[in-house]
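Take a look at the structure below.
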Amino acid sequence: MSDKPVRVRFAPSPTGSLHIGGVRTALFNWLFARQQKGAFILRIEDTDKKRYAEGAVEEIINGLRWLGLDWDEGPEVGGDKGPYFQSQRLELYREWAEWLVANDKAYRCYATPEELAEAEEQAKKRGLRWTGYDRRHRYLSEEERQRLHEERNGVHVIRFKMPIDGQTRVHDLIRGEIVFDNKELNDLVLLKSDGYPTYHLANVVDDHFMEISHIMRGEEWIPTAPIHWQLYNAFGWEMPLILHLPVILNPNGKGKMSKRYKLPEGTDKFVPVLLSEYMEAGYLPEALVNFLTNVGWAFGDDREIFTVEEAIEHFDIMRINPAGSAFPYQKLEWMNGVYIRKLSPEELTERLKPFLERAGLKYDEQKLAFITPYIQERLKTLSEVVDITRFLWVEEFVPAPVEELIPKKLDAEQTKKILQAVYDTLDALPSFDWPTQEAALRQLAEDLGLKAGQLFNPIRVATTAQRVAPPLFQSMEALGKEETLRRIKLAIDALDSYLNKRD
RNA sequence: GCCCCAUUCGUCUAGUGGCCUAGGACGCAGCCCUCUCAAGGCUGAAACACGGGUUCGAGUCCCGUAUGGGGCACCA
């Protein structure tokens with residue numbers, strides 16, 4: 001591969017929270033760095049003043065930390081190849097752009113974006129194919145150049161002098177050789193008129209001076225690979241080894257994963273795309289990391305659930321699958337459930353708290369700790385704790401509609417009698433712990449000649465008013481005797497007035 | 001439109017010329033367990049895009065076609 005020490009980087013642009021595809025890119029770079037005992041570098045590519053989002057850098061940093069992807073050099077940790085914000089390296093880019101101009105590998109272009117847009121429109125109108133910038137200022141004479149410089153008050157961009165003929169070959173570690181005809185390549189802008197570099201310049205200069213050994217980036221960058229190759233060549237620098245990660249597509253395999261994609265099952269639910277959305281939905285970082293490691297790469301021995309340490313040990317960039325993949329969202333839900341079930345009840349309780357708080361529910365610590373083991377295997381995400389335990393924390397209990405109280409094959413009258421019997425049974429209980437309840441109520445079912453479900457379901461509806469709830473007896477114990485009886489009484493009364501109304 | 005990349009069950013994938021009667025996982029279906037919902041157990045349906053080569057032999061190598069995806073900014 002290369003005898004140089006492994007140094008890889010993740011270079012996000014601070015335009016908002018990380019896209020899940022970006023997270024995967026960061027993860028693969030990190031995995032590779034850790035596996036090779038190399039360095040993982042975080043670099044902020046903030047060279048677009050228009051798209052800069054306030055707070056985005058912090059969000060990216062928090063997100064990576066949350067995932068456990070620590071960096072050896074970058075914001076907040078420093079490093080001797082810094083600064084790690086491109087906006088603080090402007091002089092470097094300018095210097096090297098000028099170097100290219102001085103060495104006849106780049107030139108100043110005075111055309112404005114408006115003029116070029118106009119030219120493109122004209123070309124199209126005349127049925128000509130516009131293949132990008134028309135190189136109008138590439139072959140200027142010294143006099144013309146001087147005249148334009150004065151005319152435009154020195155405002156210009158620096159463009160790269162792309163070779164006109166021949167081909168550029170780039171070797172992608174997992175895709176092999178990719179060949180481009182140079183005539184397809186443009187004289188792209190290196191330095192913008194505001195003095196900021198474009199991605200191409202900044203990226204090449206930084207990767208070189210930060211001594212990056214491997215570039216691992218998204219597939220959408222493949223078309224820029226020959227451009228970058230030419231830039232390294234012009235500078236006389238060695239290009240790092242390069243590899244393009246497959247894109248992550250929407251769950252149906254159509255198009256790059258986007259916020260607009262609705263989950264087929266729930267019509268109003270959109271698939272989460274930003275890392276912040278996964279955090280808020282209650283996915284565990286360890287589950288997300290495990291899951292993402294399985295998209296585009298596989299452990300190799302049929303193992304799907306594994307620790308990061310195991311992933312680091314087995315990770316191999318040469319075994320990355322080059323084909324784009326649909327985002328296997330349901331698999332993530334399953335895996336998150338697996339990780340939730342692996343947690344100790346105490347740990348789970350702690351992780352659940354922020355979600356209840358954010359939902360504005362005033363939960364009781366002890367009740368939460370008590371009920372956690374019973375909801376643990378029911379949760380796919382942490383945020384689901386809100387709906388499944390809501391009945392325990394609501395200030396004002398709203399009973400379920402009467403119809404839902406009545407079990408199949410029974411009528412309102414019978415249900416009312418049953419609930420009355422339940423009320424009396426529970427009321428007479430010496431202790432309200434759930435095993436005592438269960439014993440008494442199972443006996444009651446037998447005495448009444450009812451199946452367990454016929455007896456228990458109306459009680460659940462009466463006491464929780466929820467479709468889905470933790471096991472009944474544990475729910476009632478958590479609720480407490482007083483509140484449980486109150487709710488059952490509420491149901492009896494409701495059935496009563498329902499019966500009277502019908503008569 | 002042009003350039004580039006990719007193509008194994010619905011989906012994520014294993015597979016690097018004979019071990020493939022194509023393996024695993026999610027999802028799906030059925031059964032069991034069961035107080036709702038889950039979790040768990042068992043069983044099942046389900047794929048090498050197509051056409052040509054190369055080879056004794058191709059899911060695996062090559063070429064086309066088709067399909068999907070990505071890119072064509074003074075954005076990254």
Discussion item. When the P atoms of B:C9 and B:U60 are compared, how many Å lie between them, rounded to an integer?
Written reply: 14 Å
Worksheet item: How far does the C1' atom of B:G18 sit from the matching atom of B:U55, given to the nearest Å?
Response: 12 Å
Discussion item. Does B:C75 have OP1 or OP2 under 4.0 Å away from a side-chain N or O of A:Lys49?
Written reply: no
Practice prompt. Have a look at A:Val179 and say if it touches a base, only the backbone sugar-phosphate, or nothing, with a 4.0 Å heavy-atom cut-off.
Written response: sugar-phosphate
Worksheet item: Who does B:C35 pair with, Watson-Crick or G-U, both distances under 3.5 Å?
Response: none
Discussion item. Taking only side-chain N and O atoms of A:Ser325, does any of them lie within less than 4.0 angstrom of OP1 or OP2 on B:U13?
Written reply: yes
Item to complete: For A:Ile222 and for A:Asn321, locate the closest nucleotide of RNA chain B by heavy-atom distance; then report the residue assigned to the nucleotide nearer the 5' terminus.
Response: A:Ile222
Fill in: Straight-line distance of A:Asn186 CG to A:Met162 CE, nearest 0.5 Å
7.5 Å
Worksheet item: Under 3.5 Å, is there a donor-acceptor pair between the A:His228 and A:His200 side chains?
Response: yes
Practice prompt. Look at the side chain of A:Lys254 and decide which nucleotide, out of B:G68, B:C74, B:C3, has an atom nearest to it.
Written response: B:G68
Fill in: Lys/Arg cation over aromatic A:Phe180: A:Arg169, 6.0 Å, 45° cone
no
Item to complete: Decide, yes or no, whether a salt bridge links A:Arg9 with A:Asp207 under the criterion of side-chain N to carboxylate O below 4.0 Å.
Response: yes
Worksheet, complete the sentence: Quick tally for nucleotides 34-45 of chain B: nucleotides whose base has a protein heavy atom under 4.0 Å get B, sugar-phosphate-only ones S, the rest -, giving -BBBBSS-----
Fill in: Flag for A:Asn182-A:Gln167: side-chain donor and acceptor within less than 3.5 Å
no
Worksheet item: Do A:Thr372 and A:Thr349 have a side chain donor and acceptor closer than 3.5 Å?
Response: yes
Worksheet item: For A:Gly337, which contact category applies under a 4.0 Å heavy-atom criterion: base, sugar-phosphate, or nothing?
Response: nothing
Item to complete: Classify the nucleic acid contact of A:Pro407 as base, sugar-phosphate or nothing, counting any heavy atom under 4.0 Å across all strands shown.
Response: nothing
Worksheet entry | Side chain of A:Glu220 - closest among B:G24, B:G71, B:A76 | B:G71
Discussion item. Taking side-chain contact (heavy atoms from CB on, under 4.5 Å) as the criterion, tell me which of A:Arg89, A:Glu91, A:Glu95 meets it with A:Tyr93.
Written reply: A:Arg89
Fill in: Under 3.5 Å donor-acceptor pair, A:Glu219 side-chain atoms to B:G70 base atoms
no
Item to complete: Assign A:Glu304 to base, sugar-phosphate, or nothing according to its heavy-atom contacts below 4.0 angstrom with the strands shown.
Response: base
Worksheet item: Can you check whether A:Arg51 has a side-chain N or O nearer than 4.0 Å to OP1 or OP2 of B:A76?
Response: no
Worksheet entry | Base-pairing assignment for B:C19 (Watson-Crick or G-U wobble, both under 3.5 Å) | none
Item to complete: Would you indicate, yes or no, if B:C74 has its OP1 or OP2 atom less than 4.0 angstrom from a side-chain nitrogen or oxygen of A:Thr112?
Response: no
Worksheet entry | Nearest-neighbour nucleotide for the A:Asp302 side chain, B:G24, B:C72, B:C12 considered | B:G24
Worksheet item: Can you tell me if the side-chain N/O atoms of A:Lys192 get under 4.0 Å from OP1 or OP2 in B:C75?
Response: yes
Worksheet item: Which nucleotide sits closest to the side chain of A:Lys331: B:G71, B:C75, B:A25?
Response: B:A25
Item to complete: Hey, which sits more toward the 5' end of RNA chain B by its nearest nucleotide, A:Ala323 or A:Asp181?
Response: A:Asp181
Worksheet item: Between B:C3, B:U7, B:G69, which nucleotide has the shortest distance from any of its atoms to the side chain of A:Phe180?
Response: B:C3
Discussion item. Should the side chain of A:Thr198 and the base of B:C74 be counted as holding a donor-acceptor pair, with the cut-off at 3.5 Å?
Written reply: no
Item to complete: Identify whether any heavy atom of A:Val295 sits under 4.0 Å from a base atom; if not, whether one sits that close to sugar-phosphate; answer base, sugar-phosphate or nothing.
Response: sugar-phosphate
Worksheet item: Do the side chains of A:Pro12 and A:Phe10 get nearer than 4.5 Å, heavy atoms only?
Response: yes
Fill in: Pair assignment for B:G59, Watson-Crick or G-U wobble, requiring both distances under 3.5 Å
none
Discussion item. Taking pairing as Watson-Crick or G-U wobble with both contacts under 3.5 Å, can you name the mate of B:U67, or confirm there isn't one?
Written reply: B:A6
